[in-house]
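Report on the structure given below.
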Amino acid sequence: MKQEVIIKANAHEDLKPLVVAAIRNQMKLLQQDIDASLERIAGFEKRTGLSSNEFEEKLSGHEIEESLDTLDWTMELASLRLLQRKFQYLCEAEIL
């Protein structure tokens, strides 16, 4: 779904460079959060000897008992996917 955002301001300077810089800044922050999330996920994988895909398959197949650790891992995977989507949206954004 394409979205359009219009920014109006009473400014004498061109706002486009500021918007571009703000988006780049946000992308840097998102990338830092993605990297941190990947590190936490790697910790879960190392402790259990399972990849995240295997973990999700076993959890959905009730082969793994739900616990605080499985909830944390599930939430971390959901968080990572959200961060990656936001990063991708900003990568694909056009500023005209």
Side-chain angles (χ1 to χ4, degrees):
M1 173 176 86
K2 280 215 172 219
Q3 296 183 33
E4 185 173 319
V5 176
I6 298 172
I7 299 173
K8 294 182 180 185
N10 291 327
H12 298 286
E13 295 85 24
D14 183 15
L15 289 180
K16 185 175 178 179
L18 292 174
V19 172
V20 169
I23 289 173
R24 284 191 184 132
N25 224 15
Q26 185 62 33
M27 289 175 70
K28 286 179 189 176
L29 293 172
L30 285 168
Q31 187 60 59
Q32 290 171 353
D33 290 344
I34 288 168
D35 292 343
S37 184
L38 287 169
E39 282 185 38
R40 288 188 292 273
I41 289 168
F44 287 117
E45 292 175 338
K46 186 176 181 179
R47 281 194 304 276
T48 62
L50 295 172
S51 71
S52 290
N53 287 338
E54 292 170 323
F55 163 73
E56 288 182 310
E57 287 174 16
K58 288 181 181 282
L59 188 63
S60 67
H62 304 288
E63 296 175 49
I64 295 176
E65 191 173 311
E66 289 186 30
S67 67
L68 287 177
D69 280 342
T70 62
L71 179 60
D72 285 346
W73 195 352
T74 301
M75 290 174 58
E76 194 64 52
L77 288 168
S79 176
L80 174 63
R81 290 176 182 131
L82 176 62
L83 291 167
Q84 289 172 326
R85 276 195 313 274
K86 287 180 177 184
F87 186 86
Q88 188 62 36
Y89 295 153
L90 291 179
C91 283
E92 295 170 353
E94 285 182 79
I95 301 174
L96 308 173

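Between Arg81 and Glu56 a salt bridge is recorded (basic side-chain N to carboxylate O distance below 4.0 Å).
Each of Asp35, Leu38, Leu30 was checked for a side chain to side chain contact (heavy atoms under 4.5 Å, CB included) with Leu83, and the lone residue meeting it is Leu30. With Ser37 as the fixed residue, the side chain to side chain contact (heavy atoms under 4.5 Å, CB included) test singles out one of Gln84, Glu76, Gln32: Glu76.
Between Lys2 and Glu94, some side-chain heavy-atom pair lies under the 4.5 Å cut-off. Proximity of Val19 to Ile23: side-chain heavy atoms (C-beta onward) are separated by under 4.5 Å at one or more points. Inter-residue side-chain proximity for Phe55 and Thr70 is flagged as met; some heavy-atom pair is nearer than 4.5 Å.
Checking Thr48 against Trp73 by side-chain atom types alone, no donor-acceptor pair falls below 3.5 Å. Using a 3.5 Å distance cut-off with no hydrogens or angles, the side chains of Glu92 and Gln88 do pair a donor with an acceptor. No donor-acceptor contact under 3.5 angstrom links the side chains of Glu57 and Asn53, judged on distance only.
If you take CG on Leu15 and CD on Glu13, they are separated by 8.0 Å, rounding to the nearest 0.5 Å. Leu90 CG to Arg85 CZ: the interatomic distance, rounded to the nearest 0.5 Å, is 13.0 Å. The distance from the CD atom of Glu54 to the CD atom of Glu63 is 10.5 Å, given to the nearest 0.5 Å.
Other residues, nucleotides and ligands place more than 12 heavy atoms under 6.0 Å from the CD1 atom of Ile95. Around atom CD of Glu66, no more than 12 heavy atoms belonging to other residues, nucleotides or ligands sit under 6.0 Å away.
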Discussion item. Evaluate Leu50 against Glu45 for side-chain contact (heavy atoms from CB on, under 4.5 Å), listing each step before the verdict.
Written reply: CA-CA 5 Å; Leu50 295 172; Glu45 292 175 338; over 6 Å; no
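No continuous path of hydrophobic side-chain contacts links Leu29 to Met27 [ILVMFWY only; heavy atoms under 4.5 Å].
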